Amino acid sequence: MLHDLGSRDKTFIDVTQRMREQLLGIVADRGTHECVLLQGSGTFIVEAMIACFVPRDGKLLVLVNGAYGQRICRIAEVAGRPFSVLEWAENEPVDVVALDQALSADPAITHVTVIHCETTSGILNPIAQIADVVANHCRGLLIDSMSAFGALELDCNALPFDAVVASSNKCLEGVPGMGFCIARREALVKTQGNAQALSLDLYAQWQGFEQNGQWRFTPPVQCLLAFDQALTEFEAEGGVAGRGSRYRENRDRLVNGM
Ligand SMILES: Cc1ncc(COP(=O)(O)O)c(C=O)c1O
């Protein structure tokens, strides 16, 4: 973080490009997905995902079992996107049977959103089953994987989703300041014109990266350089398998100690 680079210099453009590719590697992309980076904390990238992927005439189903699910409802409200809610207690995972029924009952729903791991309680939602149900109903799945991405497997070939978002400062262990969205290219293409905030337009930023490799607005340069190093350390630890196993050991030690 003590280095400075011009954000439009080739060295920095190369860091940005490498980072996008490394992040796609974590979900085992085979050329079907795209990675868009965005300035800001986790909430910024969640907000960008919801407003970009859910069109103004779409409808979002929010699966809520904790504070971050509640926050997505608030985001949908502010963005003016029609939404409905399925809610469980904070100590219960999402029930896929109820999800299946809700999707059968309401054909207006275009997208479903869920928190992968509800950070507030540590509850892990059954993401693979949720993805199957949503895909069976031909709706789009938007995942907030803020506190799971990088420690729990998320293979985009086995698990159909339109978009998944996370940030630099959770399981990938960078410093705060940047979020990223990994999206199915076909779904990302359809987001053109949906954004309602210029700075949270994932389609426009994707096009920017594709055209000249640059960020549209000043990026958090030092945060990115730190994240670049964090990704090197992540790979050295054995990627998702290595990081996840260290976290499980930490968890066991904590639980045993308590
Ligand atoms: C699941 C989840 N979503 C969203 C957020 C919001 O991120 P931030 O506080 O960085 O805006 C967090 C933060 O911990 C989170 O855990």
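Excluded from the calculations below are hydrogen atoms, water molecules and symmetry mates; all remaining heavy atoms, backbone and side chain alike, are included. Every number for a ligand or one of its atoms is a count from 1 in the order of the listing. Please read all numbers here as calculations on a predicted model, not as lab measurements.
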Q.
Tell me whether Ser147 has any N or O atom under 3.5 angstrom from an N or O of ligand 1.
A. no
Q.
Give the atom numbers and elements of ligand 1 that come within less than 4.0 Å of a heavy atom of Ile115.
A. 1 (C)
Q.
For Glu77, I'd like to know if atom CD has over 12 heavy atoms of other residues, nucleotides or ligands within 6.0 Å.
A. yes
Q.
Checking a contact table here: which protein heavy atom is nearest atom 5 (C) of ligand 1, and how many Å away?
A. Tyr68 CE2, 3.2 Å
Q.
Looking at ligand 1, is there an atom of it that comes within less than 4.0 Å of some heavy atom belonging to His116?
A. no
Q. Among protein heavy atoms, which sits nearest to atom 3 (N) of ligand 1, and what does the distance come to when rounded to 0.1 Å?
A. Asp144 OD2, 2.6 Å
**Q.** Numbering as shown, the atoms of ligand 1 that approach Arg71 to under 4.0 Å (heavy-atom distance)
**A.** 6 (C)
Q) Should Leu5 and Leu224 count as side-chain neighbours, where that means a heavy-atom distance under 4.5 Å? A) no
Q. Is it true that atom NZ of Lys190 has more than 12 heavy atoms of other residues, nucleotides or ligands lying nearer than 6.0 Å?
A. no
(Q) Give the atom numbers and elements of ligand 1 that come within less than 4.0 Å of a heavy atom of Thr119. (A) 1 (C), 2 (C), 15 (C), 16 (O)
Q) At under 4.0 Å between heavy atoms, which part of Lys170 makes contact with ligand 1: side chain, backbone, both or neither? A) side chain
Q | Residue from Val165, Leu159, Asp162, Thr113 passing side chain to side chain contact (heavy atoms under 4.5 Å, CB included) with Ile143 | A | Leu159
Q) Does Asp144 pair with Arg71 as a salt bridge, N-O distance under 4.0 Å? A) no
Q) Any donor-acceptor pair under 3.5 Å linking the side chain of Arg18 with the backbone of Asp228? A) no
(Q) So, regarding Gly42 and ligand 1 (criterion: nitrogen or oxygen to nitrogen or oxygen, under 3.5 Å), is there a contact or not? (A) yes
Q: Check ligand 1 against Thr43 and write out every atom of the ligand that is under 4.0 Å from a heavy-atom position of the residue.
A: 6 (C), 7 (O), 8 (P), 11 (O)
Q) In the single-linkage hydrophobic clustering (I, L, V, M, F, W, Y; side-chain heavy atoms under 4.5 Å), do Ile123 and Leu63 co-cluster? A) no
